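No experiment lies behind these values; they were computed from the predicted model shown.
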Amino acid sequence: MTRAIIIGAPRSGSGKTSVTIGILRALARRGLKVRGAKSGPDYIDPGFHTAATGLSGVNLDSWAMPPALLNALAGDATEDADFVFLESAMGLFDGIPAAPGRTGSAADLARLYGLPVLLVLDVSGQSTTAAAVAKGFATYDPDARMAGVVLNRLGSERHRRLCSDAIEAIGLPVVGAILRDPSLNLPERHLGLVQAGEYENLMAHLDRLADMVERSLDLDAIMALAAPLTPASGSFSDALPPPGQRIALAEDAAFTFLYPHVAAHWRKAGAEIVPFSPLADEAPSHDCDVCWLPGGYPELHAGRLAAAAHFRAGMEAFSATRPVHGECGGFMALGEALEDASGETHKMLGLLGHSTSFAKRKMNLGYREARLRADCPLGAQGTQIRGHEFHYAQMIATGNDEPLADLADGQGNPLGASGYRRGHVSGTFFHAIARGE
């Protein structure tokens, strides 16, 4: 039976990602079958989980995924796995105001599946006060049970002793103590961590994290804290269906953000994914029946995309007869132009009429609920889609294309028309996660 534990923290930046990756890699090196999962809509961390374990990572999102789909994905996560380590997004209880159990927080999953929590505390700048923080977590919600604590960013052995003694005095075991070491930090950029696929020496870094975990954590004690993961039976009926039988998928350093569960379901449903690289000036294969441009970092590669004549011509020809959809970075590439961070404007595909700028940065972040105004690769007209938006680019020209969807935030507040469509081409700034109920 697969056992699982949630790795949570009071806030982002506490070190839970490094701890999670280190544990995953250390246990995989021991020969155990371990899988990483991520609460909420983060699409970068599952790539590190996959690299560390050899088993695909997965998002489990209590807001965006209907309960039946959430259970189905949690059930799949237990296949061929001895342990599942579920990393919290942000702070453990952080979500949005919503119906009970549907906030998007990792605490929802702790309650739903009865999973214990391993609490990672950044104790830099404090000592025995860490016990007050731990006690707050232990008593805040009796249905989200704290099972143990890992102390992170300790300055000395004395520092460890002060924190550890105070926390264990309130009845919580301290199962790890990590000294401050900036060399273990994972590099970041504007959307979070630099992606796993961009590291030249990724496995060496993962092994350094695993070495740190072996030195600093009691892995046997952590495995003993884990509880059986036995989700109720689920259904994939609300998963995003394949947009076609053969899907041309842009896949390179500019186009990377496709949720693992989305691609996995497309394949499970019998679709074939045919990757191509716009940065290598490749066009979508002519024998595919739909093209998908996922999110990513086109703003970092705008000059190369603008110069990719074969890619441009291939996209024009493909879109004349078959559907093309772009999400976030893919949506930006479908427009007329993209202004990069230095203020230089680059010509994009021009299959939609909008233009975007990364020079005038403004963060757009949050859950989104969309009702489609027309058929497109996301679904039929009237379909409700739940997803997430996170970008710094701004629209600087809107063009004259038809809106694709009516958009609301995670609490149902209307945000107006969103996305565009023209002929067979459509695009949105939000990333689709699942169909709404």
Side-chain angles (χ1 to χ4, degrees), residues 195 197-198 243-258 263 272-359 374 376-378 391-404 419-432:
Q195 300 165 95
E198 296 180 72
Q245 180 62 39
R246 284 174 57 82
I247 304 163
L249 177 69
E251 190 175 277
D252 56 26
F255 301 100
T256 56
F257 294 166
L258 183 66
E272 183 182 358
I273 295 176
V274 183
F276 70 101
S277 170
L279 288 179
D281 201 13
E282 296 174 356
S285 178
H286 63 85
D287 59 358
C288 290
D289 48 24
V290 65
C291 178
W292 192 281
L293 302 183
Y297 295 106
E299 68 274 9
L300 300 180
H301 308 278
R304 286 178 63 190
L305 290 173
H310 182 63
F311 165 58
R312 179 187 303 277
M315 290 296 295
E316 271 187 37
F318 194 100
S319 65
T321 57
R322 286 157 291 180
V324 171
H325 184 73
E327 288 190 331
C328 201
F331 175 55
M332 293 160 66
L334 288 172
E336 288 286 346
L338 193 166
E339 184 182 21
D340 65 21
S342 68
E344 185 176 353
T345 298
H346 304 269
K347 183 175 174 59
M348 292 290 105
L349 291 169
L351 299 178
L352 294 173
H354 63 283
S355 294
T356 51
S357 172
F358 198 74
C376 74
L378 288 176
H391 60 91
Y392 285 89
Q394 289 198 75
M395 197 89 68
I396 54 173
T398 57
N400 298 305
D401 299 317
E402 292 293 316
L404 181 64
Y420 294 115
R421 56 189 170 91
R422 180 201 298 175
H424 296 286
V425 181
S426 58
T428 66
F429 259 130
F430 72 87
H431 296 261

- Distance flag, aromatic centroids of Phe255 and Tyr297, threshold under 6.0 Å: no
- Would you say the ring centroid of His391 lies under 6.0 angstrom from that of Phe429? yes
- At their closest point, which heavy atom of Leu404 faces which heavy atom of Gly427, and how far apart are they? CD2-O, 3.9 Å
- Please name the pair of heavy atoms, one in Met348 and one in Ala333, separated by the smallest distance, quoted to 0.1 Å. CB-O, 3.3 Å
So how far is it from [X] [atom1] to [Y] [atom2], rounded to the nearest 0.5 Å?
X	Y	atom1	atom2	answer
Cys288	Ile273	SG	CD1	10.5 Å
Phe276	Cys291	CZ	SG	4.0 Å
Ser342	Glu299	OG	CD	12.0 Å
His424	Ser319	NE2	OG	8.0 Å
Ser426	Glu402	OG	CD	13.0 Å
Leu279	Arg304	CG	CZ	4.5 Å

Who passes side-chain hydrogen bond (donor to acceptor under 3.5 Å, both in side chains) against [X], sequence neighbours left out?
X	value
Ser277	Asp252
His431	none
His346	Asp340

- Task: Start with the C-alpha gap between Leu349 and Val425, add the side-chain angles, then the distance that decides, and say whether side-chain contact (heavy atoms from CB on, under 4.5 Å) holds.
- Result: CA-CA 11 Å; Leu349 291 169; Val425 181; over 6 Å; no
- Query: Do Val324 and Leu334 have side chains that get closer than 4.5 Å, going by heavy atoms?
  - Reply: yes
- Query: Is the shortest heavy-atom distance from the side chain of Thr256 to the side chain of Glu251 under 4.5 Å?
  - Reply: no
Considering residues at least two apart in sequence or located in another chain, which fulfil the side chain to side chain contact (heavy atoms under 4.5 Å, CB included) criterion with [X]?
X	answer
Ala283	His310
Pro243	Ile247, Trp266, Val290, Trp292, Pro377
Pro403	Arg373, Ala417
His354	Phe331, Leu352, Thr356, Met395, Tyr420

- Query: Quick one: salt bridge (Lys or Arg N to Asp or Glu O under 4.0 Å) partners of Asp401, sequence neighbours excluded?
  - Reply: Arg422
- Query: By salt bridge (Lys or Arg N to Asp or Glu O under 4.0 Å), which residues pair with Glu339, not counting sequence neighbours?
  - Reply: Lys360
- So Leu258 and Leu249, side-chain contact (heavy atoms from CB on, under 4.5 Å) or not? Walk me through it. CA-CA 10 Å; Leu258 183 66; Leu249 177 69; 3.9 Å; yes
Pairs touching [range] that satisfy salt bridge (Lys or Arg N to Asp or Glu O under 4.0 Å), sequence neighbours left out:
range	result
residues 284-295	Arg246-Asp287
residues 310-337	none
residues 347-359	none

- Task: Let me see the working for His325 and Leu293 under side-chain contact (heavy atoms from CB on, under 4.5 Å), right down to the final yes or no.
- Result: CA-CA 6 Å; His325 184 73; Leu293 302 183; over 6 Å; no
